Amino acid sequence: MGNFQLYFEMIGAVAFAVSGAVLGIRKGMDLFGVAMMGMTTAVGGGILRDVMLGQTPPAALRDPMQALVAIAVSVLVFYIWRRKADIHNKYAEAVLLVADSIGLGIFSAHGAAIAIQAGCGANWFLVLFLGTVTGVGGGVLRDVCCMERPYIFTKHIYACASLAGAAVCRALWPLGTGLAMLAGCGVTVALRICAAVFRWSFPKA
């Protein structure tokens, strides 16, 4: 994995760790629970992807750097939140949205890239599926552990934003890894933010 992908993945881990930690704090978890929510959100999707690709043990377990960064960020968020609880509680929803959107965008593109590099590039369905699983997997595990109905089923355009980002990454892959991943991430983040701001959503029964 090149340095670009490594840094790209770490930024996503930090963003998802923040979203997991914030939700854990809002649910009244202690320091350990908050750290576990941050770590689970950051590495959960990647672990699911690697298992589906037959890459075991998953990369997040072979090299724990991503998990350790997520835990450190979660602990930092916990203590910052305790010191400025009134201010942060006021902006909790916005912080959760932005952090979750960035994490979703980065991991959707990164998941698609890993699938392509694993030799699945000719199979668009598999690339898009693994990109989406990588993007939404950690968030689903986080929501289930926090006893929330997963965002993927209820909150605006979530999985479809991930799917679109993975598709853009695959389509632009021949033009270069960096461009494809950045474009895929940008599309996912833009769709996710716009869906939240303009209340885009699918019909419900």
Side-chain angles (χ1 to χ4, degrees), residues 8-29 33-46 66 69-70 73-111 131-166 168-169 181-204:
F8 194 69
E9 185 180 28
M10 284 300 174
I11 294 171
V14 169
F16 259 165
V18 170
S19 76
V22 169
L23 187 57
I25 291 168
R26 293 178 68 191
K27 288 295 182 176
M29 293 184 180
V34 169
M36 289 302 99
M37 286 305 95
M39 184 190 73
T40 298
T41 311
V43 305
Q66 186 178 333
V69 167
V73 170
S74 301
V75 170
L76 183 62
V77 170
F78 179 85
Y79 281 109
I80 292 175
W81 212 276
R82 284 188 69 186
R83 292 176 65 86
K84 302 289 185 181
D86 293 340
I87 296 176
H88 294 316
N89 284 330
K90 182 179 179 181
Y91 299 106
E93 196 66 35
V95 171
L96 186 58
L97 171 64
V98 172
D100 194 59
S101 298
I102 293 172
L104 181 68
I106 287 177
F107 279 108
S108 298
H110 185 257
T132 304
V133 165
T134 309
V136 306
V140 170
L141 293 174
R142 172 201 65 205
D143 294 342
V144 170
C145 290
C146 290
M147 292 184 288
E148 287 268 318
R149 185 175 297 169
Y151 271 23
I152 187 175
F153 301 130
T154 60
K155 291 284 186 177
H156 315 304
I157 307 297
Y158 193 82
C160 287
S162 175
L163 186 64
V168 168
C169 181
M181 294 177 70
L182 288 172
C185 174
V187 167
T188 298
V189 172
L191 285 174
R192 179 81 182 94
I193 297 293
C194 287
V197 171
F198 298 110
R199 303 295 177 186
W200 296 343
S201 189
F202 289 115
K204 297 182 181 178

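Every value quoted in this text rests on a predicted model; they were computed, and no experiment measured them. FYI, the numbering just counts along the sequence from 1.
Cys146 places a side-chain heavy atom less than 4.5 Å from the side chain of Met29. With a 4.5 Å cut-off on side-chain heavy atoms, Val95 and Val18 count as touching. Side-chain contact between Leu182 and Phe8 is present, with at least one heavy-atom pair separated by less than 4.5 Å. Looking at heavy atoms from C-beta onward, Lys27 lies in side-chain contact with Glu148 at the 4.5 angstrom threshold.
The SG atom of Cys160 lies 12.0 Å from the CZ atom of Arg192; values are rounded to the nearest 0.5 Å. The line from CD1 of Ile106 to CE of Met10 is 12.0 Å long, rounded to the nearest 0.5 Å.
What you find for Ala17 and Ser74 is that their closest heavy atoms are O-OG, 3.8 Å. Between Ala159 and Val136, the shortest heavy-atom contact is CA-CG1, 4.2 Å. Closest approach of Ala109 and Cys185 over heavy atoms only: CB-N, 3.9 Å. Of all the heavy atoms in Ser19 and Thr41, the pair that sits closest is OG-CG2, 3.7 Å. Closest non-hydrogen pair, Gly131 versus Ala166, comes out as CA-CB, 4.2 Å.
Judged purely by atom type and a 3.5 angstrom limit, Thr40 has no side-chain atom pairing as donor or acceptor with the backbone of Met37.
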Kindly list each side-chain donor-acceptor pair under 3.5 angstrom involving residues 96-105, sequence neighbours excluded, with atom names and distances?
| from | atom 1 | to | atom 2 | distance (Å) |
| --- | --- | --- | --- | --- |
| Asp100 | OD1 | Arg142 | NH1 | 2.9 |
| Asp100 | OD1 | Tyr158 | OH | 3.4 |
| Asp100 | OD2 | Tyr158 | OH | 2.9 |
| Ser101 | OG | Leu97 | O | 2.7 |

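Between Phe107 and His110, the two ring planes are perpendicular [angle over 60°; tilted spans 30° to 60°].
The side chain to side chain contact (heavy atoms under 4.5 Å, CB included) with Leu191 is formed by just one residue from the set Thr188, Val187, Ile193, Val189; it is Val187.
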Quiz prompt | From CA spacing to verdict: side chain to side chain contact (heavy atoms under 4.5 Å, CB included), Val43, Phe16 | solution = CA-CA 9 Å; Val43 305; Phe16 259 165; over 6 Å; no

